[in-house]
Amino acid sequence: MFKSLLLKGRTLCLLLCCMVSSLVVTAQTKQTGKVIGSDDKLPIVGASIRIKGTNTGAVTDIDGNFTLSLSPGNVLVVSYIGFQTKEVPFKAAGPLTIELEPSNKTLNEVVVTGYQTQVKKDITGAVGVVDVTDAKKLPVTSSEQLLQGQVSGVTVINQGAPGSGSTVFIRGVSNFGNTTPLYVIDGVQGNNMSSVNPTDIESISVLKDAGSAAIYGVAGGNGVIVITTKKGKPGKTVISYDGYVGDQTPLSGNVWHLMTPAQQSTLTFEAGDTGGETLYPGGAGTLPTYGYHGTTAYGTFGSAGVTNDPGIVGGYHFDAANPNNDFLVQKFNQAGNDWFHDIFKNALQQSHTVTASGGTDHSTFLYSLQYLDQQGTLIETFEKRYQLRVNNTYSLFNNHFRFGENGYVYYRENNGGSAYNQQYEGGSISMTYREMPIIPTYDVSGVNYGGGYDGPSGEPLGNASNPVAMQQRSANNLNRTWNMQGTVFAEVDFLKYFTARTAFGGNAQNNFYYFSGFNTYENYESHTSPNSYDEASNYSFNYNYTNSISYKQTIGKHAISAFAGYEIKQTGGQQVGGYATNFVSLDPAYVSLAATTNPASISLTGGNGTFLYQPTGTESYFARADYAYADKYLIGATIRRDGYSEFYPGHQWGTFPSVSVGWRISQEDFMKGASWLQELKLRGSYGESGNNANIGGANSVNTYSSSFGATDYPISGSLNTVASGFAQSTIGNPKVSWETDKIFNVGLDVSVFNHLDFTAEYYRKQSDNLLFAQQIPSTAGAASAPFVNIGQVNNNGVDFSATYHDQIGSDFRYSVTANLSAYKNVIAAINQTQYLFSGSRVTQFVELKQGMPMGEFYGYKILGINQNTAQLNSTPNLSGSAVGSYIYQDTNHDGVVTPQDETAIGNPNPDFVYGVNLNASYKRFDFTMVLYGSQGNKDYNYIKWWTDVYNSFPGGKQLNLLTNSATVVNGQVTNPGATQEALSVSNNPSNSFYIENGSFLKCRLAQIGYTFDPNWLKAIGASKLHVYVQGTNLFTITKYTGPDPELVPSIQNTGNTGNQSSSFGVDWGAYPTNQRTYILGVNVSF
Amino acid sequence: MINKKTNFVMKKLNYKILALGSIILFTAGYSCKKILNSTPAGVLAGSTLANKAGVDGLLIGAYSLLDGYYQGQPGTNYGSGISNWTYGGVGADDAYKGSTTTDQGPDLPEIESHVNMNSNNIYIESKWQVSYAGVQRANNVIQEVPLVTDGSEAGAVGQNAIAEARFLRGVYHFELAKIWRNVPYVDETITYAAGNLNVPNPGPIWDKIEADFAFAMTVLPKTQSMAGRANYYAAEAFLAKAYLYDHKYAQALPLLTDCINNGVTASGAKYALEPFNNNFNAATKNGPESVFAAQMSVNDGSNGQNDDAGDVLNFPGGGTYTSCCGFNVPSYNLANSYKVDANGLPMFAIDPATGFPTYNDVNLINDHGIAAGAAFTPTTEAIDSRLDWTVGRRGIPYLDWGLCGGEPWTRGDLVPYTPKKNVFYEAAAASTTDNYGTWATNQGSANNYNIIRFADVILWRAECEVQTGALAAAEADVNLVRARAADPTGWVHTYIDVTKPQGGYTNTPAANYHVGLYSGQFTANGAAWAMAAVMCERQLEFGMEGQRFFDLQRQDGVTGGPLGAGYMAGVLNSYYKADNRIANPVLTSAKFVAGRDELYPIPNPEIQAENGKLTQNKGY
C-alpha cells in the first residue's frame, strides 16, 4: 500500500541514476515485463530492474511494467524497498511477470509519525505500530479496541456498553486528570478515534516517547496516536464489501452468586434481623405469597402475606394519575427472580461496509459507506451508526502539486444512557443484585393488564429499583449525533528538495439528546414523583490549521531532512438544555418540553445542561531535523513552541525540545558477516512534552456566577419565588501553566534469522508540574480552588514486543506476536494526600499519596476475625468490635485500632499487561487467535458491600453468607457478614475484604477463515472472497469473583475531572466486557 | 508522493512553485493574536459586579447559604443544614438518627453515639465548609462595596450592605462556634490572593462575633423592605445570644429586654408569641415570633435547591405520608419529657432511685412492637400540649395527613415516633413542597427554620435572670412561654372526620393536655433548680429544632466560661441508659465523654489544609 510513497529522498536519486544509465545501453531484444507483489498480486510501482553485472536497468511504471533490452542469459536483479531482492534469469522473449516476496516488514515499513512518515529502520524514537492487517481481524465497534493487546505500552480498557469508547493510556497513568492520548486522524487533532470505521483505517502508529511525540508539544504529553485512512490506488476501480453479523451472549449462570429467597429467609432469622423477619411471618425458610403496598399499609406485611388472601388481591388498585391512591399487590417470586438475565439478553451486532476505490496517475478516490448496528445485551441499549467517507487526492504539474481531502461524516444514534447503567451503584446493572430476588418483575396485574412493574414496597424489601423497569423506561431515551471530520490539504514541491504543505483539518459536531423520567410508583423511596423530560442540544468544534515546509536531501553518505511548521488550533462549543415535569405522555412521538402540563416546571437544566465550552486557542511553531550518516548513525531533534490561551498572559508560551539518536549496529562492517542478523539497532531519546488537558479556561481569574440552587434566596419570604444572587464560583490563579512530561527512552530493535523481530524499550517518564486543584482550607469559602502546578508522577517501565514468523512446507505459515508492558508508577509529589470516594458506602477507599502508586486502595488490613470474647478483649480492635468482627491491623502499633491505622491495601496498577496474537494459514484456511491479559492488578469489589454484607441494605445476598457465616455453628467464625452486631465496624470502613486479585487472561477472539480460489471467483466476477467465523471472549481466566475483572473508570467520578484517571479498578457494577460473541463475516472484492 | 519523472520538468516549474510556496508561507506567517485571548466564557468577572446590582446580588448570595446548603456543595447536605438536626438533636437526647441501623453510616451513627467520632466525619466537614462559604460570601460583599465607583453604593446604601454582610458573617461564625467553639475567624482580609488562608483557632471568637453584630445593630434599620432581611432587632437578639454563649449575662440582659419591649420583625410586626405551630407551617412563616429565619422556598425553578435541604431525610419512613426516609426520629426521652405532674408542670427532677429525670422512669405509653393492624389507644396521661406539635405518635392527628400510624410509619422500628415540626400540610403540598433535587418526592419543604424565634429571646432572658439572681423575673418569663402552651386554641385537636383529615378539626383536644404555670417555685427552690426548669422549658419548647445539644453545652460552661464538671455528660449518659431499655444498635455503645464530646472534632481535611495552623479540639 505504501509502494508509491516510498519513492522519495535518496531512493529517488538512486532510481534516477538507474534511469539515466538505462538510456546509454545498446538496444538488444526489447522485452516488456511486469513486477507484482507476491502477497497481493498488485503491481509494484518504481521497482528497480538491473541486469546483473552491468549498470543497465529500468524502473517499473505506474502499472508495474518495465521495458528493457535483454539478451538470453542475462540475469535480472529486481529490487524494491520492502521486498526481498530477487534474481531472475532471462530465458526467452515473451511476457514476463516477476513476483517479489515482501521482505522483513518491520524494518522497511513506512511509519506515519508526527506530521511526517519515516521508514522504520530510520526511526530513533519509540513508535509502536499496530499491524492493521492483523488488528482488523477484530470486528470492533469502537476503533480504540484495535489497540488492545496489540502495542506494547498501550493500555486499553474497553467498555461493554454499545457505543461507549474505551479508556486508553500510554505508558502508565501519568497525571491526576486527563490521560487520554492525542489522536491525530489524517492530520486532525482530537481526543478520540472511536468513530472511525475500522475498515477505513490504513495505519495506526503510537508515539510513545518524547523523540517521537514532542513535536506535538503541549498536546503530546499523554502520547500520540496517529491514524491514517486508506486512499484509492491508481488502476482499476475496486469495489469491496466487508461485513459481519454476530450474536452477543450475556454472561451465564448465577452472575452475582446470589442465594434463593428461601435461603435468604433462613439467613434473616440466623442473623436475628427482627425487621427483616417481618417479611417471613411463617418463620425461617418460609416465604410469603403476597405482599402489598398502598396508602394505608405501605411497606407492611401482615399475616395476609403468608397465603393467598383474596381480600388483598381484590383490593388491587393502580392509579397512574395519582400514585397516592395506589394499592399494589405483588405475588412474590418464591423461586427467585434472576434480575441479571431479566435485563441481559442475546443481542445482534452487525456491520456492513462497502468501499469503492481507484484512480489514475493524477487522482485517486476512495468512498466507503458503513452501517453499524450494535444492540446491547443490556436491553434497550444500542448503537447505530451510518458513516460515509470520501478520500480524494489530485496532482498537477507532473505530481509536483498535490491536493485533496480526507473526510467523513456520520450520523449516530444510541440511547444515550448507556454510561449511566454501569459502574454506578444506582445503575440498572447494580440493581440486578440490589433488588431482592423475591420481588417479581411485575405486580399481580402486570404491565399488560393495566398494572405495572413491581418493586420493593417497604423496608424489609429494601430500597432498590426494578432494573427491568429502569431499562424499559430508558427505551424512550435517544441521543442523536451528526459529526463531520476531515482535512483538506495542498502541497507543492519546489527547489528540488523542498515541499510546502498547507492543511486545514477539523471536526464539527451537533448533538441532540432527550431522556425521560417516569413516575416510579413501584419504588419505595420515590413513589409519587411526577414524570419528567429533559432535552438538550449542543454543538462543538475543533480545528487545526497547519502550514509546513519540509526538506530532504542526500549528499553522499549524508542523509538530511528537516521540517518546520506553524499551526493554530481552536476549540469551542455550546449547549442548551431544558427540563420539565408532568407530561400526559412520554411517547417520543409526542413529547417535547412544551408538552408539559405544568409549564412552571420548565427550567433550563443546570450543571452540565446549559453551558459554554471554554473556548481554547493554541498557536504553535515547530521543527524537526534528522540526519543519518551511512544509514548507520542516526540523530534527530525536534522543538516546538506552543502558546495556549487558557493560561494567563506571561504563562502561555512553552518550549518543548527533544533529541534522539540511533545506531544501526548491524550496518557496521564488523557485523557484515553475521548473515543471521538482519537488524540490530540501539536507540535513545530524551525530551519534553506537555499536557494542557487538565485546566479550564477560567482558572486564572476570579469568576462569579448565579444559579437557583447555589446563590438564589427567597429573601422576600415568598414560598415560591427567589431573588437572584451572585457568588464567587472560582478563585483565580494567574501563575498556572502546563504540565511537563520529561521522557527518557532507550530501545533495541533486533531482527534475526529472517524470522524473529524483537523490540525492547526502557523508559522513564517524569510528569512534573501536574495540575491539581489546590487544597485550600474552607476559610477560602466555597469558590473552587484554582489548579496549581504541584504534582509529580513517575512512570518507569519496559515494553517488549516480539514476532516470530515462519512456514512449514509451502502450505503452512504461521506467526506469533507477543508484547508485554510493565511499568512502575509512583506519585513523587502531591500537595497533600488525597482520598477519593469519601461519599461511598465504605467511605474513602482510594488514596493518592506521595510515594504510593496512582489509585492505591486504602483501608484497614484484615488480620482475622474475633473468634470469641477472650480474643476480642485481648486484641487491639476498632471501638465497637464484637465477636465476629474483623480484626484490623494496628498499623501504628499504638495498641488501639483507629482510623490512623488505615493503610494501603491494594494496587490497581498491574505488574504487567500482555497480548499474544497467533496467526496461521494452511492452504486457503487461515486461523487467528488473540489473547490479552493483565497480571498483578488488584480490583476493589465494591459490589460485595451490597451482596456480601448482610446488613447493608436488603437486597440480593451471596450464598456465602449462609453457608460460610459467623452465625453457623461450625467452630470457626469465618465470615462476619451475617452478624448484626459486628456490622458497623466490620463492613462499613473500607478494608481488605473488598480487595481481590484482578489478574486475568482473556481470549479476545479466535477466528477461522477461508479464502476462495481466485480462479473460481472469476466466474462470479470477484477478485477476492474471504469468509470467517469468529468467537470473541471465548474464555476469561481469572480469580476475580465479580463478572469481569477488566474495569473502566466509574461514572461515580467522571464528573470529578480532577480525579478522572487516578482511580480505576473499582467495580461498582460494570457492564461486562467479556461477553461471548459469535460472528460470521465476509470480505469480498470485485 | 514524489513520482519518478519529476526532475525533467522541475526547473520550469520552479517559479510557479515558489509563488505557491510563498503564499503558503505568507499564510503561515499570519499572526493570530486573538487565538490566545484568554477571556473565559460564560462567567462573571469581579469587575462586572462593581455596581449596585452586583452588590445586591452578592448580598443575596450571602443570604442564600442560611439554609445551610448550596447546589453542588461537597459532602452531605444532611450534615450542613441550618436546623443542625444532626449535631443539635441526634447528637443530644432529642432524636435518633432513624432509618436502618447502618443507613448514613458510619458518619451519622458516630454523631449519635459519640463513639468513634472522628475528624474525618463527612458531616462535620460539610457543616464547616458551608459555614465558611457563608462567611466568605459575606466578605465578598464587604470587599465589593468600595470597588463600586458609580456612586450607587455611596453612603448609607453601602453601609447598609456592609452591615447586613457583617450580620450574616456573625451568623455563620456563630454556627461554627456552637459546634466547634475554637474556630478561625475569617474577615474580609482573608483571601486566596493575600495568601493568608491558614487562619489559626487559638480559642473562642465570641468577641469578634459580638463586634460584627454590634456593628450591624448600629447601622441596620428597624424595618426592612423584605421579610428575610436582617434588621436592627435581629442583630440585637444575635448580639445578646453571643453574650449569652459568652456567659456575659449582664450584657445580654438589657438587649433582650429591649427586644422584648420594643422589638419588631423586619416587616414591622411587634414581636409576639403566636400559636405554637405557626412557627412550623410554611403558610404562616415570618410571623411576629420570627426574629430571624432561614427562608425556604419551593417550586421556584430550582428543583428543590432552596428548601430545607438539610432535612430532606427527616420525614416518616412509611405510611400515608410519603415513602422516604425515616430519619431524625424523636427519642423516647424527648417524648417522655412532655409528661406533666398534677399541676401541669414538667417532671425534670432527677429521681434518685433511677438516676433518670422522673419523666424518664417509665416510657410514655407508645405502640412500640404493636403491629400495624392491631388496636392501640394513645396514652390518656396528662401531657404538655407541645408534644403533639413536636412528635408524631400513633393515633394523634398528624397535621392533615390523618392519624399518625406510629411505628409502622418509622423505618428502623426502634421507636414509634416521627418528626413533625419540619413536615408540610398535605393540602398545601403543591405550594409548600418540592422534589428535592428531583430525587425524593415531596421531601423538600418551604417551612422556614427560625434561627431565633421570640420564645428564644424570652427564655434567654429567663436564663440571664437566673444567672443574675432575678429568679422571680425568670419564672415570669418562663410562664410567658408556658402560657402560650397552655392556651387550648393552640393545641392539636381531633379531626371532624377521621377519614377526611383535611376536612378540619373539632375543638376537642387530641390528648389529655395540661400545661400549668409556675407559681413561685423558682424562688423557693433556688437558682440551680430554676436553671433546670429553664433548661427543661427549652427542651420542651425547642424539641426537634436542633438546639438541645447547644443548650446543654452552654449550660455545661464549656463554650465560653469555665469547663463544666460533666453536666452535659451526665444528662446524655443517663439518656443512653434510659433509652437503651429498648435495644438500640446505635445507642447501645453510646458514651459521652466529659471534656471532649461537648465540642465536635475539627474536620481533619481542614487541619491538613491549614498546614498546622489549626489545632484539634481537646480529646480528638
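Just so it is clear, the values below take in all heavy atoms, side chains as well, and ignore hydrogens, waters and symmetry mates. Keep in mind that what you see is a predicted model, and the values were worked out from it rather than measured.
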For [X], is it the side chain, the backbone, both or neither that has a heavy atom under 4.5 Å from a heavy atom of chain A?
{"X": "B:S431", "result": "both"}
{"X": "B:P585", "result": "neither"}
{"X": "B:V135", "result": "neither"}
{"X": "B:Q224", "result": "neither"}
{"X": "B:A282", "result": "both"}
{"X": "B:A293", "result": "backbone"}
{"X": "B:L49", "result": "side chain"}
{"X": "B:A53", "result": "backbone"}

Any side-chain heavy-atom pair of [X] and [Y] under 4.5 Å:
{"X": "B:I35", "Y": "A:T618", "result": "no"}
{"X": "B:N306", "Y": "A:V722", "result": "yes"}
{"X": "B:R137", "Y": "A:T711", "result": "yes"}

With side chain to side chain contact (heavy atoms under 4.5 Å, CB included) as the test, would you mind laying out the steps for B:D103 and A:F953 before giving the verdict?
CA-CA 8 Å; B:D103 202 357; A:F953 277 100; 3.5 Å; yes
Minimum-distance pair of heavy atoms, taken over all atoms of [X] and [Y]:
{"X": "A:G709", "Y": "B:S302", "answer": "N-CB, 4.4 Å"}
{"X": "B:S297", "Y": "A:N720", "answer": "CB-N, 4.3 Å"}
{"X": "A:T779", "Y": "B:E610", "answer": "CG2-OE2, 3.5 Å"}
{"X": "A:S716", "Y": "B:A227", "answer": "O-CB, 3.7 Å"}

In Å and rounded to the nearest 0.5 Å, what is the [atom1] to [atom2] distance from [X] to [Y]?
{"X": "B:Y70", "Y": "A:D712", "atom1": "OH", "atom2": "CG", "value": "15.5 Å"}
{"X": "B:N140", "Y": "A:N702", "atom1": "CG", "atom2": "CG", "value": "8.5 Å"}
{"X": "A:F726", "Y": "B:D56", "atom1": "CZ", "atom2": "CG", "value": "9.0 Å"}
{"X": "A:Y713", "Y": "B:M296", "atom1": "OH", "atom2": "CE", "value": "7.5 Å"}
{"X": "A:N598", "Y": "B:N299", "atom1": "CG", "atom2": "CG", "value": "7.5 Å"}
{"X": "A:Q900", "Y": "B:N118", "atom1": "CD", "atom2": "CG", "value": "7.5 Å"}

Region of [X] in contact with chain B, defined by heavy-atom distances below 4.5 Å:
{"X": "A:A780", "answer": "both"}
{"X": "A:I715", "answer": "both"}
{"X": "A:E567", "answer": "neither"}
{"X": "A:Y644", "answer": "backbone"}
{"X": "A:T703", "answer": "both"}

Do you know which of [options] has the most heavy-atom pairs under 4.5 Å to chain B?
{"options": "A:G517, A:A782, A:S705, A:S603", "answer": "A:A782"}
{"options": "A:S778, A:S707, A:A727, A:G617", "answer": "A:S778"}
{"options": "A:G781, A:G565, A:A723, A:A600", "answer": "A:G781"}
{"options": "A:Q614, A:Q570, A:Q574", "answer": "A:Q614"}

Per-residue tally against chain A (heavy atom, under 4.5 Å) across B:L66, B:T76, B:N448 peaks at B:L66
